[in-house]
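This report refers to the structure that appears directly beneath it.
Start at 1 with the first residue, then count along the sequence.
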Amino acid sequence: MSQSFASQAPTSTTLPGAIPLGAVAPWAIFGLLLSLVLIYFVGAEQGATSLISGHMVHEFVHDGRHLMGFPCH
């Protein structure tokens, strides 16, 4: 029991492989477009700029709009 745990450290490490840019780019573009659509619906979907008639979208994102600092009334 006189052995220390520090002497049993691993001698080799395995590094993760690199992810090619071509595999990440479609997901990055999709994430960017999705975030832009969400910001539009939370920030601008009301009144004259409304793409969807009625107030359903506005009421659905109303609390999120105030949480992110967008004025709406």
Side-chain angles (χ1 to χ4, degrees):
M1 296 271 180
S2 64
Q3 292 181 346
S4 114
F5 288 108
S7 65
Q8 297 176 1
T11 57
S12 66
T13 58
T14 305
L15 298 175
I19 299 174
L21 184 61
V24 175
W27 290 104
I29 292 169
F30 174 71
L32 178 67
L33 290 175
L34 184 63
S35 64
L36 288 175
V37 167
L38 288 173
I39 287 175
Y40 168 76
F41 277 114
V42 171
E45 179 64 25
Q46 72 176 26
T49 62
S50 180
L51 294 178
I52 299 172
S53 63
H55 292 285
M56 185 174 165
V57 173
H58 172 79
E59 293 301 325
F60 184 72
V61 297
H62 188 239
D63 292 338
R65 178 177 300 216
H66 288 297
L67 184 66
M68 291 182 4
F70 288 103
C72 66
H73 50 91

**Item:** side-chain contact (heavy atoms from CB on, under 4.5 Å) against Ala18, all qualifying residues, sequence neighbours excluded
**Value:** none
**Request:** Go through the structure and list residues passing side-chain contact (heavy atoms from CB on, under 4.5 Å) with Leu15, not counting sequence neighbours.
**Result:** none
**Request:** Share the residues that join Leu38 in a hydrophobic cluster, the rule being Ile, Leu, Val, Met, Phe, Trp or Tyr side chains under 4.5 Å apart at the heavy-atom level.
**Result:** Trp27, Phe30, Leu34
**Asked** Which ILVMFWY residues can you reach from Ile29 by hopping between side chains whose heavy atoms are under 4.5 Å apart?
**Response** Leu33
**Request:** Could you pull out the closest heavy-atom pair between Gly22 and Pro26, with the gap in Å?
**Result:** O-CD, 3.2 Å
